[in-house]
Enquirer: 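Quick one: structure below, then a few questions.
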Amino acid sequence: MRKVLYLLPLLLLFCLTASAQSLPQLNQSQTGTLKAGMLVLGGWAILNILFSSFKLTRTSRSRRYFHQMNVYWNIVNLLIASYALYAILSRPSAGLPLPDSLQLHTLYKSLLYLNVGLDVAYLLLGLYLKERARWATGNEQLQGWSQSVLLQGAFLFVLDLVLVVLLEGYTEPFFRLVQQ
């Protein structure tokens, strides 16, 4: 799973096309970037659900709780990715006028910046649970959950950060269109 974290930025960078000059091309390129991000999230969720469901029946102690939390966490990830894909694909982006395109671009960036902040909170929660597991009775549960929250938080942080950087790359072309 660590390999996926390393490949994620490369996969998403291929989605960014610098040659998009017209508004419809720019909108479609941005939509493609977001679609790729949600497909990565959905793929990650499906792989985690399948792998952790399989391992859940074959492990014990803290590893069992790790896989249990992975399944729960990624059911939510899969729902988010599905809804986001539906929302992105159901909105015809190519024909949007410039003010609507700017508003949508700002909305996407705002949501992603919020998600980056939440991802940092997930990482802090994972660290808190890990520290708490050192002192609590029944620490296998906290230990497993902390490892899962740290893994999922790190993945989401990288994904959201890459998407933010890619969307920031669209900001200047949008504002060039405003100036024209």
Side-chain angles (χ1 to χ4, degrees), residues 1-16 30-91 107-168:
M1 288 196 190
R2 287 184 182 184
K3 292 178 184 178
V4 174
L5 287 174
Y6 296 126
L7 293 175
L8 180 64
L10 294 175
L11 286 171
L12 291 175
L13 283 174
F14 285 118
C15 299
L16 183 63
Q30 177 177 257
T31 298
T33 300
L34 292 169
K35 178 182 165 188
M38 291 307 100
L39 288 173
V40 168
L41 178 61
W44 170 263
I46 290 169
L47 287 174
N48 268 272
I49 291 169
L50 293 175
F51 180 76
S52 285
S53 294
F54 174 76
K55 294 297 268 183
L56 194 57
T57 61
R58 289 166 174 68
T59 58
S60 62
R61 304 182 60 110
S62 70
R63 299 308 292 169
R64 180 172 177 76
Y65 293 110
F66 169 80
H67 292 295
Q68 179 188 54
M69 181 59 79
N70 277 348
V71 170
Y72 297 153
W73 193 284
N74 283 288
I75 288 171
V76 174
N77 279 347
L78 188 58
L79 290 171
I80 291 169
S82 299
Y83 176 76
L85 272 174
Y86 172 77
I88 291 166
L89 296 176
S90 66
R91 179 177 290 133
L107 172 69
Y108 290 148
K109 283 191 341 184
S110 298
L111 288 172
L112 285 168
Y113 277 115
L114 174 67
N115 282 346
V116 168
L118 288 172
D119 300 337
V120 170
Y122 300 147
L123 292 171
L124 292 173
L125 174 64
L127 291 173
Y128 169 76
L129 291 174
K130 186 175 182 176
E131 183 62 27
R132 181 97 191 270
R134 290 178 45 188
W135 306 104
T137 58
N139 64 358
E140 289 91 12
Q141 184 178 30
L142 288 175
Q143 198 172 29
W145 285 359
S146 70
Q147 293 167 349
S148 177
V149 170
L150 285 169
L151 172 69
Q152 300 304 323
F155 172 80
L156 290 173
F157 180 76
V158 171
L159 175 67
D160 291 336
L161 200 59
V162 167
L163 285 173
V164 162
V165 168
L166 291 175
L167 284 189
E168 284 294 346

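Everything numeric in this text was worked out from a predicted model, so none of it was measured.
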Enquirer: Hey, could you give me each pair passing salt bridge (charged side-chain N to carboxylate O under 4.0 Å, His left out) that has a residue in residues 137-153? Not counting sequence neighbours.
Expert: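 As it turns out, the salt bridge (charged side-chain N to carboxylate O under 4.0 Å, His left out) pairs with a partner in residues 137-153, which skip direct neighbours, are R61-E140.
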Enquirer: Might you point out which heavy atoms bring N77 and A45 nearest each other, and give the distance in Å?
Expert: CB-CB, 3.9 Å
Enquirer: So does F54 get a backbone contact from the side chain of T57, meaning a donor-acceptor N/O pair under 3.5 Å?
Expert: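 Yes.
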Enquirer: Among Y72, W44, Y122, find the residue that satisfies the side-chain hydrogen bond (donor to acceptor under 3.5 Å, both in side chains) test when tested with Q152.
Expert: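 The residue from Y72, W44, Y122 that satisfies side-chain hydrogen bond (donor to acceptor under 3.5 Å, both in side chains) with Q152 turns out to be W44.
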Enquirer: Using side-chain contact (heavy atoms from CB on, under 4.5 Å), reason through F66 and L151 one step at a time and then give a plain yes or no.
Expert: CA-CA 10 Å; F66 169 80; L151 172 69; 3.9 Å; yes
Enquirer: For the atom pair CG (N115) and CG (L161), what is the distance rounded to the nearest 0.5 Å?
Expert: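 The distance works out to 11.5 Å.
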Enquirer: If you round to the nearest 0.5 Å, how far is CZ of F155 from CH2 of W73?
Expert: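 That separation rounds to 12.0 Å.
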Enquirer: Would you give the length of the straight line joining atom CG of N70 to atom CD of Q147, rounded to the nearest 0.5 angstrom?
Expert: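 So the CG of N70 and the CD of Q147 are separated by 10.0 Å.
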Enquirer: What's the separation between atom NZ in K35 and atom CG in L85, rounded to the nearest 0.5 Å?
Expert: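 One gets 8.0 Å once the value is rounded to the nearest 0.5 Å.
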Enquirer: Answer yes or no: is there a donor N or O on one side and an acceptor on the other, between the side chain of S146 and the main chain of Q143, under 3.5 Å?
Expert: yes
Enquirer: Is there side-chain contact between L41 and L156, with heavy atoms separated by less than 4.5 Å?
Expert: yes
Enquirer: Measure the CZ-CZ distance between R58 and R63 for me, rounded to the nearest 0.5 Å.
Expert: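 It is 15.5 Å, given to the nearest 0.5 Å.
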Enquirer: How long is the gap from NE2 on H67 to CZ on F51, to the nearest 0.5 Å?
Expert: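 These two atoms lie 5.5 Å from each other.
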Enquirer: I want to check something: taking the side chain as every heavy atom from C-beta on, are Q68 and W145 in contact at a cut-off of under 4.5 Å?
Expert: yes
Enquirer: Would you mind reporting whether L107 and L111 have side-chain heavy atoms less than 4.5 Å apart?
Expert: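 Counting from C-beta outward, L111 and L107 do come under 4.5 Å.
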Enquirer: Holding to side-chain contact (heavy atoms from CB on, under 4.5 Å), I want the full list of residues that pass it with I88, two or more places apart in sequence or in another chain.
Expert: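 For I88, the residues satisfying side-chain contact (heavy atoms from CB on, under 4.5 Å) (neighbours in sequence not counted) are T31, L34, M38, Y108.
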Enquirer: More than 12 non-hydrogen atoms from neighbouring residues, nucleotides or ligands closer than 6.0 Å to NZ on K109, yes or no?
Expert: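 Buried by this count: over 12 neighbours within 6.0 Å.
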Enquirer: Side chains of N48 and V71, heavy atoms from C-beta outward: is any pair under 4.5 Å?
Expert: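 No. Closest side-chain heavy atoms not under 4.5 Å.
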Enquirer: Which heavy atom of G42 sits nearest to which heavy atom of L78, and what is that distance?
Expert: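 Minimum heavy-atom contact is O-CD1, 4.0 Å.
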Enquirer: For L79, which residues count as a side-chain contact (heavy atoms from CB on, under 4.5 Å) partner, sequence neighbours excluded?
Expert: I75
Enquirer: For L123 and G153, which heavy atoms make the closest approach, and how far apart are they?
Expert: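 Nearest heavy atoms, L123 then G153: CD2-C, 3.8 Å.
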Enquirer: Minimum heavy-atom separation for Y65 and Q141, please, with both atom names.
Expert: CD1-CA, 3.3 Å
